[in-house]
Structures are given as structure tokens and as C-alpha cells.
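Some notes on the structure that comes next.
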Amino acid sequence: MLALVVVRDGSLPAGGDEVVAECGGRVLLIGSGTAAALDDLRGAVTDARLVEAGAFRPGAWSAGLAVLLADDPVVVLPHSADGRDLAPRLAHALDRPLLAHAMVVGTTTVELIRAGGTELHSVVAPAAFVATLHPGLRGVERTVTTEPNVREQVLPAAIDAIDAEVVATFAADAATLDLAEAPRIVAGGAGLDSADRFEQLAALGAVLGASVGATRVVTDRGWVGHDRQIGTTGVVVDPQLYLAFGISGAVQHTSGLGAPAHVISVNTDAHCPMMQLADLAIVADANATLDALLARLGTLEVAHG
Amino acid sequence: MDDEPDVDVIVVGGGPAGACAALVAARAGLSTVLLERGPFPGSKNMYGGVVYPRILDRLIPNWWETAPIQRWVTRRSTMVLTDTQALTVDYRTEAWGKPPYNGATAYRPDFDHWLAGHAEAAGAQLVCDTTAVGLLRGASGRIVGVRTDRPGGDLRARVVIACDGVNSFLAKEAGLFEHTDAKHYTLGVKETLALPKEVIDERFGVRGREGVDIEMIGCTSGVNGGGFLYTNLDSVAVGVVLKLPKLAAQQLRPEEIIARMKRHPAIAPLIEGADLKEYSAHLIPEAGLAMMPKMTTDGMLVAGDAAALCLAAGIWLEGVNFAMASGMYAGEAVVEAVRNGDVGVEGLAGYQRRLSETFVLKDHRRLRRAPEIVLSDRVQHLYPAMVAGIAERMFQVDNPAPKPRLRTILKQERKRVGIRRRDLARDGLDGLRTFG
Amino acid sequence: MIAACVKWVAGVPEPGDERFAGISAADQAAVELALRHGASMGDDVVVVTAGPPAAERALREALAAGATRAVRVDLPADATSSDVATALAGVVGDAAFVWCGDYSTDRGSGSVPAFLAAERSARQALGAVAVDLADGATISVTRRLDGGRREVSTVSAPAVVSVEGAVARLRRAGLAGVLAARTAPIEVRRPAVVVPDVAAIVHAYRPRARTLPPPHGSTLDRLRELTDAAAAPAHGETVHLDPADAADRILTALRAWSYLT
Ligand SMILES: Cc1cc2nc3c(=O)[nH]c(=O)nc-3n(C[C@H](O)[C@H](O)[C@H](O)COP(=O)(O)OP(=O)(O)OC[C@H]3O[C@@H](n4cnc5c(N)ncnc54)[C@H](O)[C@@H]3O)c2cc1C
Ligand SMILES: Cc1cc2nc3c(=O)[nH]c(=O)nc-3n(C[C@H](O)[C@H](O)[C@H](O)COP(=O)(O)OP(=O)(O)OC[C@H]3O[C@@H](n4cnc5c(N)ncnc54)[C@H](O)[C@@H]3O)c2cc1C
Ligand SMILES: Nc1ncnc2c1ncn2[C@@H]1O[C@H](COP(=O)(O)O)[C@@H](O)[C@H]1O
């Protein structure tokens, strides 16, 4: 098994380290700044191939990669923005099946996330295939103590491939960045009964030094901006503390959650995934609990550090 | 001169009335458009849950083979309740469990969708997600079509059949409806509760596709009205119909009334452990003849609930059969009128004639006083206590005291609940005249 | 020619009940953009689905909204993404632009559009959150990257663009269009036999066990972590509380974990 990771300006995509771990430390890094990205994978890599190829070009790269990967029967990419763009093109160029959006990739079986994250489909792994691994579910061990075996390779030129022309790349905007890097997050889901509840979350957040997050159901309702959405199609976060009010914990949400040290969940359903995930799971009405918390806010002092 | 019509007939509303009207018109070869505001016919429609589809014998032979029926009602009970007592008259028959059947429980999103499917198969053009928002009138004032909420949404026709349900906006706009007073409506509120089929079979003493229809009186927390409980395949429908003025005066919420009814010792064991699947509420035109609009005007007829044809008289709650029949007769009258080239009031007179000659208006005429009687204060609040009291003393063994005479019990119970003999006699006579 | 690809998805709550089936918001957005694009270029718009006869309802809705032509490729529901893309490519082969939704709502992996681009050797711009049709010949697409970053790129023909549902709302079809679409012809193609997707054993979703980095810090710290009463209150605890007690319990935990003093 070989991990294939697209690198942009030396930075790894979401789940880049996890595919490397899933493949036992073997990786081909392609893009710009691959050597720097390799540094970030320290402790997880045994064997690395670096292909400096400039900006992301799924059309052009797939033909060349098919040549470089001809002897690797199983290639795993993260199901990140670039990974999901490149994987089908690569599968097509290699003429192999694509097993997209997996939770576990192995050489005997692959578990695929299906039906909007409510089902797992276990399939027998074909002899050769391309897979994408859903980011944020696996976690990574960094136990490799030896220096990785590094090889630089050149991407064979594609003859007639065409790609989109990148005009600009924007850093996450301030609000988004704020959320992505927030050490503490208070978040609300469909269990909250009105947009006003997010004002309360903000007030609670102000006291706790926490940013406000939300699920897609909430951002779809327009109660808070899309930039507040945590999850695979929103912002990927990695806080220390996560407070979830009325959030069911669908995989698309929780996979964007990183690995908080402390999770508190308030929900009327004791058995939903978010409650399973929580260090403290409180079965209660989230709305009334927020009211009660706000009533106590004036007297609270935050501990920093 | 009126503009050329786009089609022969526009039917507004894909409920039972509209589906039957469109079916008849399309089958006769008229170009027919059936407009429905929901994403599919029946998607938004609710009712108690029992239909009497025999009228379909004339439109869809062997309808029972394909109709999406939950259970065939083979057992019908009427319950008189006080807070702690229940007197039940229970009737069951095998006959209602085989063709041609009698009543059946069905979900409206299934039933209406199925019925409208027959209209479509007959050639009617069903257009969903489309609401009629106004009437088009020709130079003479005659109705020549409808305006819909779609872009370029005017559609012209020789005749419009309004089947847009209770509180019909079209009948009002056409000036046919005079009575829109709250006192003519009752509010229907219903909960659908999920229970496994085996549990329903066991608790209600039925098997296979057999089902139960229970009507109740004296269970509505002092608000004039009645209750019902019907069995579907793996759910039961529990609901109440409530007089609006009294409901407002009592300041009770309908949910509370249902909740109390569900806690009644005679009801609670039937629905124990059931999960709430759905809660819905809808108005019912209840005053019958007293509120019916004029049924026709130049270029338009009104059918079903839009024409207040629902029969809501206490232990009767029949609307779907009246809607299907009136829709069918409206369709027939329109076919006749278009063929004769007269779609004015005169030309459409065949509709009123058909309604008068059949159960549609005959039942309404005969039962015209029924709602008033059944929903009267005495029937609602005093008689249940009296009847239950009589039963209790009849069946109670008070040894060493000997059994009292029925006449004595009757007199004492009448006095206990405070009914004057004169009123009892008069109500008895009224009842006989109406129901007898 | 401009094309839009839509996928008919069996409905919730009753899978297989066509009353509740339909196409995703993203696919509706794709149809809308195809219509706008077609209008701006003065070009025909073809709408394609690979699916069962019931899917023709979605095609008729697109025709009602203004599409020029509709094609259904008769394909079983268990065809692989790449077979679906091959089937679609057979229809939209010479389209200048193909519009798709970013993910289909059932088993979707967002791979059909990329396969389609590969199949046609076309440019791709996937998962657009904003689209600027500009002059129509070269369009500009904003898409998400990881961690909240965005990328703007331009694509010209031949290209496949996939969009999120919020990008555009499908217009409401006019009444005349709806009536005409009811009887409009829909071309049906039957492709060569396709191999069904790999047979799978289906389970309810449950997360995999996470691999965590080994504990760090001094042995003393770790011992303290393990034995410290303050750190003990919660792990994995589920409590039923009324709101006031819930609030107090939360504050107690936050103090125990040193987020509050
Ligand atoms: C391709 C794709 C991408 C997606 N991307 C994302 C994403 O990036 N981010 C994201 O969040 N989602 C995403 N989703 C949607 C995701 O699948 C879920 O639908 C969503 O996360 C659910 O949000 P929720 O928990 O707010 O709502 P629900 O799942 O409806 O849960 C509401 C919860 O509130 C509880 N509740 C109800 N009333 C109360 C009360 N009074 N008090 C307390 N609790 C109460 C309920 O028990 C329930 O657990 C995506 C989906 C798809 C298909
Ligand atoms: C609680 C309750 C219990 C009942 N129980 C029973 C029972 O057990 N048995 C029984 O037989 N009857 C019962 N009824 C009565 C029955 O529901 C009605 O009499 C029957 O549905 C009338 O049919 P209809 O076709 O006239 O109208 P509806 O069924 O109301 O259909 C009207 C249709 O028109 C559509 N529509 C409305 N306005 C427009 C517009 N402007 N443009 C386009 N479309 C429009 C609506 O979406 C709807 O599909 C009950 C009613 C209630 C409220
Ligand atoms: N069977 C299909 N027919 C037509 N278009 C499809 C089909 N499957 C997927 N697509 C298109 O590809 C997009 C992404 O789907 P998927 O790759 O299944 O997540 C959809 O939003 C559609 O635009």
C-alpha cells in the first residue's frame, strides 16, 4: 500500500498524515514543497518518494502518476479537496477501480462510508485499486524512529492533458481562521430552537474564550454564517475543548473536529454519536441549559493557559 | 368574446374530489388539467383515517384490488365516556372484511396519490407544486380559467372545477360562499401512533387486514366534540374534532385534550407504549346544509369540502366519499355541458340535480340537524354521565339490597345529572326524527 | 452544447417510493447554471441522467425549466461511478461544458464528475461554492481547499464543473413549460452491459477506533493525570439532569479541567 498526498507550498492536506499511517509509512508526496511536508510527517514515514511538480494539476498529473505508480497495486489518497479531485482521474489512468470515501483501507477488506454517513459497506479489496480515506477518523501514531528512506522522482510529462487555470488562492478569512485555530469551541446544532441561541453561545464563548461553531443544518438555516460550519464541507478544527449543544454528531461533522481533549455534549438523545464521543454527556434540553448557563455567566472567571 | 381556452377543464385540487372530477372528464375525452399545490396529490392532506370507497365501484372496477388500504374495518365501536367510566356498543361482522367491503383505513398520501394516478392514466394532465391563486374572468364576467403561481401561470378553460378543500379560496373568490363564520367549522386534530402490527392485532382483537373504528363521545374535556381511534396496519390514529367557539372559550389546547383522552382508563391500555409519529390539524366544514355554497356559477362548479359537503355529525365523520361522489358528478355534468355547448349555470344544472338525487344531498338533508343534536350541551356533557350511571347500577350487585328496577334507575340517574324529563323526551324525539 | 448531469436518488423516508425521490439541491443548482450558461452562449442545453425510468420526472422538470433536450441512459442503480461516467460521456461527449452536483446524496463520493472529465480529457473544477459565468467561454470558479482556504480558477471548454447546492437555485418553471414537458420526448439509451459495483456487506455506521499519539510529558505529569481527582470527573460519563443542574455540572467540569477558575 502506498499513500499519495498532494502538497501545496509545503503544507499537507487534511488527513495527509492518516493515509501515510494507513499505508504503514510508505508515501509519495507530489506538488510544491514536498521536502518541507515530509518534515511534518516525522515519525510516521518509513519510505518517501518526493515529486516536485508545482501547482496542482489533476489532469496532467494523473497520466504521469500512472507511470510512477504502475507497480503499487494499492494507492490511498486522503478524501480532502485535492485528494477527491485527483483519485478518480488516477483510477481512470491506471484503469483500476476506485473505492472512494473509505473509513478503513486494507489489502483484504475496505470499509466505505455510504448513505450520507449512516452506513458502512465492507467490500473485499480487489487486487489493485485506488482509494480515498475520510480525514479525521483514523488518528496517527508517530512511532517510526529511523530516518525515512527518501527518493526524488520526476513526473513523466503528459502530452495533451489540460487543467483549470488557478487564478488565486485565498487564506481562510479571519472569521474562518478564528474558528479553525480556536483552542476552545462552543457549537450548536439542530437541537437549538432559534437563531437567538447563537447569540447565547457567543456570550458563553466570550466568557470561556471560545469561538462559536455550528453544524451544516444550522448554517443551511442561515442562523450563522457558513464560515461557522465545522466538518468535512466546512472548517476543520482542532480545539482543546468542545461544547456541543443539540448536535447529533454525524460523521461529516465530527470528522472535522480533530481530537479535543475535552468534549461536553448536551442532547436529549443519550445514544447519538456526539454523546458517545463526549467526556461528559448530559441528557437535557440544550435550550434551557443555555438559559441556565447564561444566568450564571456574570460570576464566572476564565482560566487562561 | 372570451379568449380561446387552452384546455376543456381545469380541476383545482388533487384531493379525492379533484381526482374523481378529473378522472371522469378525462375519460370522456375532454382535455383536462389537474392542479395540485403539494409536491404530489395527498402529500399535505390529513383526515381521521376511514374511507368508504363504495362509490368507486362506478369509476374503478375492483378498486379494492389496487387501492392502498391499511385495514378493512370489520369492527365498529361507539363509546360513551365519563372521566372514569366507559360504555361501549361494539359491532363486528365478517361481511365488511370481503368484497365489496364497507369502510377501510388508509393514509391520505397513499390514497390520494393512487386515485389521482387513475385520473392521470385516463389522460388528465397532473401538474403538481402549482397553486391556483386567482380566477380569470371573461368580458361577460364568466369564469374562463385560473391564475397559478407559476411564471406565465394563466390557464384558460371552458370550465373550472374547484376542489380546493375546506375554506375554498376559489369558491369565495367566485362569490359562491357566504358563510365563513367560525361557528360552522370544527377543528380536527390527530396523532398517529406507531405500534407493531401484532400488538394492534392482539389489543383490538383483529387479524390479517381486519381493522377497528372507534368513535367516542364525552372525552373532549368539556369542549363540544367527539373523539376517534382507528387502526392502521402498524399505527393507530387517535384524534378529536372540536367546536371552535367552545375551544376558544375554554382556552384549552387541542394537544391537551388528546393527551387527556389518551390517559382515559378505557383508551390508555390500547395505545400503551406507542411512539408518536405525526401530529396534524385541519378544519372541517361541519354545519352541512346550513353552510353549503351555491354549487355552480357561469364556467365553474365546486365539489368536495370546497362545497362544504363533508358530513360531520358526531359519530359520522365522512368526507372522502362525499368528495369522491361530488367530484364524479361534477365531472359528469361538465362533460354533458361541454358536449351541449353551454357551460353557464343552466348548462351545468345537471350537477345540482345529480347531487340532489343521490346520497350526497339526501344524507345531508336527512341528517341536517345531527351536528346540532350530537354537539348540543346535553348530549355532550349530561347524557354520557347518565348513560354510564345507568349501566353501572344495572350491572352492579349491591347485595343484600335487591336489584333496582330499570325505571327507578333511569329516574334517579336523570335527576342525579340534572336533566329535566321534558328535555329528555324532546331530545329523544329529535333523535328519532333525525337518525330513525 | 452545454450539459447538466442529474442523479435520481430514491427517497427518504421510504426508499424506492418514487413520491419521495428526486435530485439533490446540488444537481438542481447544476441544471440552473447550465440553463444560464446556455442562454448566455445561445447554446442548447441537454440534461442527462443515468438511472431508472422514474428518473424521467427529473428530466421533465429540467425540460420545463428550459432545457432543450433530455436523455436517460438506462443503467442499474448499482453501476460503479466510472461506468456511470462512461455512460454519461457517451451522451455529453461533445458538450463544451458539463455541469454536475458536487456529491450525490445517497452513496455519493463526488467522483462521477472527475471520471467524466478523465473520460473526455476535459478540464475539471469540482465543488464550486461560487461561479462567475463571465463571458461564457471562460468561466471562473471558487472552490474550497482544506482548512477554510479557497481557490479561484478559470476553465474553458471542454470542462466539467461540479457545484454545491447553495450556488444557485433552480428557477421555477413556467406553466406552459410544465405542460409542454409532460409529453416532450425523452431519448433513452441502453448501454452495453455494465458490471455491478463490488458486492458489499452493509452495517450501520460506527466510528473506527482512533489511534492516538503516545502520551507525552514527564512520568510525574502522567501519573498526576491518571491519579488526579480533578481530572477524574467525566470521562465517558452520561448523566440525566434538569437544565439548572446541567448548567452547574458543566461549570463544575470546566473548573475541574481548568478552563474556568
Ligand atoms: C457531503 C456531505 C457533507 C456534509 N458536510 C457537513 C459539514 O461539513 N458539517 C456538518 O455539520 N454537517 C455536514 N453534513 C451534514 C451532516 O450529515 C448532518 O446532517 C449534520 O451534521 C447534522 O447536524 P445536527 O447535528 O445539527 O442535526 P441533527 O442530526 O438533526 O441533530 C440534532 C440533534 O439535536 C438533538 N436535540 C433535539 N432537540 C433537542 C433539545 N431540545 N435539546 C438538546 N438536544 C436536542 C437531537 O437529539 C439530535 O441529536 C454533510 C452532509 C453531506 C451529505
Ligand atoms: C381530523 C379530520 C378527520 C377526518 N376524518 C375523516 C374520516 O375518517 N373519513 C372521511 O371520509 N373523511 C374524514 N374527514 C373529512 C375529509 O378529510 C374531507 O372531507 C376530504 O378530504 C375532502 O376531500 P376534498 O378533495 O374535497 O378536499 P381535500 O382532501 O382537502 O383536497 C384538496 C386538495 O386541493 C389542494 N389545493 C387546495 N388549494 C389549492 C389551490 N389553490 N391550488 C391548487 N391546489 C389546491 C390541496 O393541496 C389538496 O390536495 C376528516 C377531516 C378531518 C380534518
Ligand atoms: N447516475 C447518474 N446520472 C447522472 N449524473 C450523475 C449520476 N451519478 C452522479 N452524477 C453526477 O455526479 C455528481 C456527483 O455524484 P457522485 O459522484 O455520485 O457523488 C452528481 O451530483 C451528478 O451531477
Side-chain angles (χ1 to χ4, degrees), chain A residues 13-14 58 80-81 84-85 88-89 92 98 100-101 103-104 114-123 137-142 162-172 176-177 180 208 235-236 241 251 262 264 266 270 279-285 288-289 292-293 296 300-303, chain C residues 80-82 105-107 109-111 114-115 117-119 121 123-127 140 143-155 198 200-208 210-213 234-244 246-247 249-251 253 257-261:
Chain A
S80 62
R84 80 106 190 243
D85 276 22
R89 300 211 64 140
H92 187 263
L98 172 69
H101 206 207
M103 180 176 80
V104 180
R114 289 292 179 263
T118 58
E119 287 176 4
L120 284 179
H121 290 199
S122 252
V123 299
L137 299 177
R138 184 191 189 282
V140 172
E141 66 275 35
R142 295 189 182 249
I162 52 174
D163 280 289
E165 189 112 359
V166 175
V167 182
T169 308
F170 300 111
T176 319
L177 192 69
L208 279 173
V235 186
V236 174
L241 171 68
V251 60
H262 297 111
I264 299 179
V266 182
D279 300 287
L280 174 58
I282 300 184
V283 185
D285 176 14
T289 304
L293 272 170
R296 290 161 176 69
L300 302 181
E301 295 246 342
V302 188
Chain C
T80 64
S81 294
S82 76
T105 38
D106 46 2
R107 55 168 192 168
S109 56
S111 58
F115 271 122
E119 194 71 47
S121 304
R123 297 179 175 84
Q124 69 185 40
L126 306 187
S140 149
R143 65 184 203 109
R144 293 179 206 277
L145 299 178
D146 295 324
R149 288 176 306 137
R150 305 277 161 106
E151 177 181 86
V152 179
S153 48
T154 55
V155 283
V198 203
I201 302 167
V202 179
H203 311 278
Y205 179 82
R206 66 191 136 61
R208 73 187 281 183
R210 283 179 72 92
T211 308
L212 295 172
H235 207 93
E237 186 186 2
T238 302
V239 287
H240 293 250
L241 295 174
D242 68 29
R249 188 70 188 75
I250 291 171
L251 296 177
W257 296 331
S258 311
Y259 295 104
L260 286 171
T261 51

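Below, chain A is the first sequence line, B the second, and so on; all start at residue 1. In what follows, every heavy atom counts, from backbone to side chain, and hydrogens, waters and symmetry copies are set aside.
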- Item | Whether W257(C) and H262(A) hold their rings parallel, tilted or perpendicular, with breakpoints at 30° and 60° | parallel
- Approximate separation, where rounding is to 0.5 Å, of L280(A) CG and E237(C) CD: 6.0 Å
- Message: Once side chain to side chain donor-acceptor pair (under 3.5 Å) is applied, do any residues pair with S111(C), and if so which ones, sequence neighbours excluded?
- Response: S81(C), S109(C)
- Note on the structure: Note: vs chain C, highest number of non-hydrogen pairs under 4.5 angstrom among L137(A), T289(A), I162(A) is I162(A)
- Message: For chain C, which candidate among A288(A), A100(A), A168(A) shows the most heavy-atom pairs at distances under 4.5 Å?
- Response: A168(A)
- Query: About how many Å separate CZ of R249(C) and CG of L293(A), when rounded to the nearest 0.5 Å?
  - Reply: 12.5 Å
- Task: Check whether any side-chain heavy atom of R296(A) lies under 4.5 Å from a side-chain heavy atom of I250(C), and answer yes or no.
- Result: no
- Task: Write down the atom of G110(C), the atom of R84(A), and the distance for their closest heavy-atom approach.
- Result: O-CD, 4.0 Å
- Query: So how far is it from R208(C) CZ to R138(A) CZ, rounded to the nearest 0.5 Å?
  - Reply: 5.0 Å
- Message: If I compare all heavy atoms of R144(C) with all of A81(A), which pair ends up nearest, and what's the gap?
- Response: O-CB, 3.4 Å
- Task: Sort out for me which of I264(A), L241(A), V266(A) touches chain C most, counting heavy-atom pairs under 4.5 Å.
- Result: L241(A)
- When V152(C), V155(C), T154(C) are each screened for side-chain contact (heavy atoms from CB on, under 4.5 Å) with E165(A), the one that passes is T154(C)
- Task: Using a cut-off of under 4.5 Å on heavy-atom pairs, state which of A244(C), G127(C), P243(C) scores highest against chain A.
- Result: P243(C)
- Message: With a 4.5 angstrom heavy-atom cut-off, is it the side chain or the backbone of D163(A) that approaches chain C, or both, or neither?
- Response: backbone
- Kindly say whether V166(A) contributes a backbone atom to a donor-acceptor pair with the side chain of E151(C) at under 3.5 angstrom? no
- Between the CG atom in L120(A) and the CD1 atom in I201(C), the distance rounded to the nearest 0.5 Å is 12.0 Å
- Using a cut-off of under 4.5 Å for heavy-atom pairs, which of A292(A), A284(A), P88(A), A270(A) has the most such pairs with chain C? P88(A)
- Note on the structure: Smallest heavy-atom separation, H121(A) atom then A200(C) atom, equals CB-CB, 3.7 Å
- Picking from S82(C), A118(C), A114(C), which has the most non-hydrogen pairs under 4.5 angstrom with chain A? A118(C)
- Query: Of the backbone (N, CA, C, O) and the side chain (C-beta and beyond), which part of I282(A) lies under 4.5 Å from a heavy atom of chain C, both, or neither?
  - Reply: both
- Task: Please flag which part of P58(A) lies under 4.5 Å from any non-hydrogen atom of chain C: side chain, backbone, both or neither.
- Result: side chain
